[in-house]
Amino acid sequence: MFLAFPEFNIWSTPLLFLSLQGLFFAVLLLVRYSKKRNSSDLFLFFILTVTCYQQTCYTIGFMGWYDTFRNTKVNYWLIPMSVAVLPLIYLYVKSITMSSFQFRKIDWLHFLPAFLMIGYRISIFVYDNTLPGFDENQNGYLKINVDEPYVLPVYAVFGYFQNLLYLAFTFQLFYIYRKKIKEFFSNTYKIELNWILSFLVRYALLYLYDFVQTMISEFVVELNYMQQWWMTLYTGLIIIYVGVKGYFTDTTRLQKLNFSFAPSINSIPTATGNQKTVAIEDVQLLGTFMEVEKPYLNPELNLADLASLMNMTRGQLSETINSGFKMNFNDFVNKYRVEAFKEKIQKEDHKKLSLLGIAFECGFNSKATFNRVFKKLTHASPSEYLKTSS
């Protein structure tokens, strides 16, 4: 029977399609990076490219490569690069959540294991290539007797532990960012980066899937090529998800945000070791200003804006809100918006406007934020509150 490559079938075609789509978005990101020089685009380009490269083994395998080219040397160059993907994801999330992010020379250390593996694979190929009979076989002496039985298993175990740490660091980085924006912005919906959280959860599930599959194959029953196809398909779907969302989500405005501000003088411990409390006058002044001037009606209100209006530093204002009102800036401002919404309901404004229309008049800028904040502060949805108040 004549074997030919490529063979398009129900196994190979989906993997090929997903990989090509991933590479397509990778090229778009690289082009955009060349024009705008956003580091996040470059990191996402490498995430997609490396992940698509990782798909090569199964994709060409199901397309008949190994049956057609019996003495192929491609196994030397299908280098496991999973140890590079999580560091790239970590740096990608860091680049879009930290306005001051810059790639430093020391950051190359994140990719040391991957570089070592590349150098090692090149070296064993060079050695095996010098041995007689290498051209007639698929794998040489070191590939068969050193790489597959010893190096790859140790490398895989190292990769699982490293990737688990990077997943933990990335989730921590993301949640610190989410907490930080609540201290600075009154409406956070557009900069919450929910798709990043969704992507991280999906990648964590992929990590778990891969780990369980490997444990089953090693210690229970060896899984064949077909049974491992599903994880490769899942990986391909994640490639498309991150490619589409990453390309069409504008993260440039996040890189211009400056969350940094000096702590208020009131938060600095005294010589006796006791911490001063926030001035009662500042708390009263801020409360009066919010009720009279109603700055919360501005949907774009942030900590810097309100500090300017109050003739305070950002540190002073943040300390006044956190210590004096026992809440973060986001909850503090949205509390006034919710109270303004309630007042309009009492005045029966809902007979002239929709609930969402009233919410927008009170300073909210998205339905999702309004519903979430209202339920958090009142323990009822807006429609439930309307029923109980009428």
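Positions are given from 1, in the same order as the sequence printed here.
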With Asn75, which of Gln138, Lys143, Glu148 fulfils side chain to side chain donor-acceptor pair (under 3.5 Å)? Gln138
Are [X] and [Y] side-chain neighbours, meaning at least one heavy-atom pair lies under 4.5 Å?
X	Y	result
Leu206	Met231	yes
Arg121	Val126	no
Ile89	Val242	no
Ile124	Val146	no

Give a yes or no on whether the ring-centroid distance for [X] and [Y] is below 6.0 angstrom.
X	Y	value
Phe43	Tyr92	no
Trp77	Phe125	yes
Phe364	Phe360	no
Trp11	Tyr225	no
Phe134	Tyr76	yes

If you count heavy atoms of other groups shown closer than 6.0 angstrom to CZ of Phe211, is the number above 12? no
Should the heavy atoms of other residues, nucleotides or ligands under 6.0 Å from CZ of Phe24 be counted, would the total exceed 12? no
Look only at the side chain of Asn224 and the backbone of Met226, and say whether a donor-acceptor pair between them is shorter than 3.5 Å. yes
Residue pair Ala26 / Thr49: nearest heavy atoms and the distance that separates them: CB-OG1, 3.8 Å
I need the minimum non-hydrogen distance between Ile181 and Ile191, along with the two atoms involved. CD1-O, 3.8 Å
Classify the angle between the aromatic ring planes of Phe341 and Tyr385 as parallel (below 30°), tilted (30 to 60°) or perpendicular (above 60°). tilted
For the pair Phe169 and Tyr166, name the ring-plane relationship: parallel under 30°, tilted 30 to 60°, perpendicular over 60°. perpendicular
